[in-house]
Amino acid sequence: MKNSYREALTEVNEILNYVPNIYIEKLPISLIKFIRENKSENYMFYIDETIDIEKQNFKSETRSFIAILLLKYWDRENQENLLEKYNNNEKKYQQLLQEKYNVNIFENKIKKDNTKTDIIEYKKENIFIKFFKNILKNLKGILKKQ
């Protein structure tokens, strides 16, 4: 694990020391164990209680980790709203795609114009005639250049 992640886990562990027990109980024991076992032993971090929590000098990884904890474990109501919004947006997006591209590969489409489609016979040219035509064509090109 990268050292910056270990330092972030140290900061998260310190933050969890200030979080009320109601929120700690909502976290899985395995997650708390993971944080404590993988935090950096060399990095020291202390929260300054005189400064507001939002103004603390946390690492970006720490902020991300706390945001994940908030969304996944602590703010269930907001999580359900986000999932509902996501599902609604996804339905709208899929509907727009359906309208925009309207691909129905199994639908039989009838041509509106009555164009006649005939089979055209393809005659293969003799290879010797084709060879001599190419030689003549090349000779004409050479003679035009001179």
I would like to know whether Glu90 and Gln94 meet side chain to side chain donor-acceptor pair (under 3.5 Å); could you show each step before the answer? CA-CA 6 Å; Glu90 183 63 23; Gln94 292 298 328; 2.8 Å; yes

Test log, rule side chain to side chain contact (heavy atoms under 4.5 Å, CB included), inputs Lys91 and Tyr86: CA-CA 9 Å; Lys91 286 177 186 176; Tyr86 172 78; over 6 Å; no

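Atom CD of Glu49 has 12 or fewer heavy atoms from other residues, nucleotides or ligands within 6.0 Å. Within a 6.0 Å radius of OH in Tyr18, other residues, nucleotides and ligands contribute more than 12 heavy atoms. Within 6.0 Å of OH on Tyr5 lie no more than 12 heavy atoms contributed by other residues, nucleotides or ligands. Atom CG of Asn57 is surrounded by 12 or fewer heavy atoms from other residues, nucleotides or ligands within 6.0 Å.
Atom CD in Glu14 sits 10.5 Å away from atom CE in Met44 (nearest 0.5 Å). Atom CZ of residue Phe45 and atom CG of residue Leu9 lie 13.0 Å apart, to the nearest 0.5 angstrom. Here the straight-line distance linking atom CD of Glu11 with atom CZ of Arg63 works out to 9.0 Å at 0.5 Å rounding.
Using a distance-only test at 3.5 Å, with no hydrogens or angles considered, no donor-acceptor pair links the side chain of Glu61 to the main chain of Ser4. Using modelled atom types, no side-chain atom of Gln56 and backbone atom of Ile47 make a donor-acceptor pair closer than 3.5 Å. Not one N or O on the side chain of Thr62 forms a donor-acceptor pair closer than 3.5 Å with the backbone of Phe58.
The minimum heavy-atom distance between Lys39 and Thr10, with the atom names listed, is CB-OG1, 3.5 Å.
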Side-chain donor-acceptor pairs of residues 19-38 under 3.5 Å, sequence neighbours excluded:
| residue | atom | partner | partner atom | Å |
| --- | --- | --- | --- | --- |
| Arg36 | NE | Asn13 | OD1 | 3.4 |
| Asn38 | ND2 | Phe34 | O | 3.0 |

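Side-chain atoms of Ser40 and Asn42 include no donor-acceptor pair closer than 3.5 Å.
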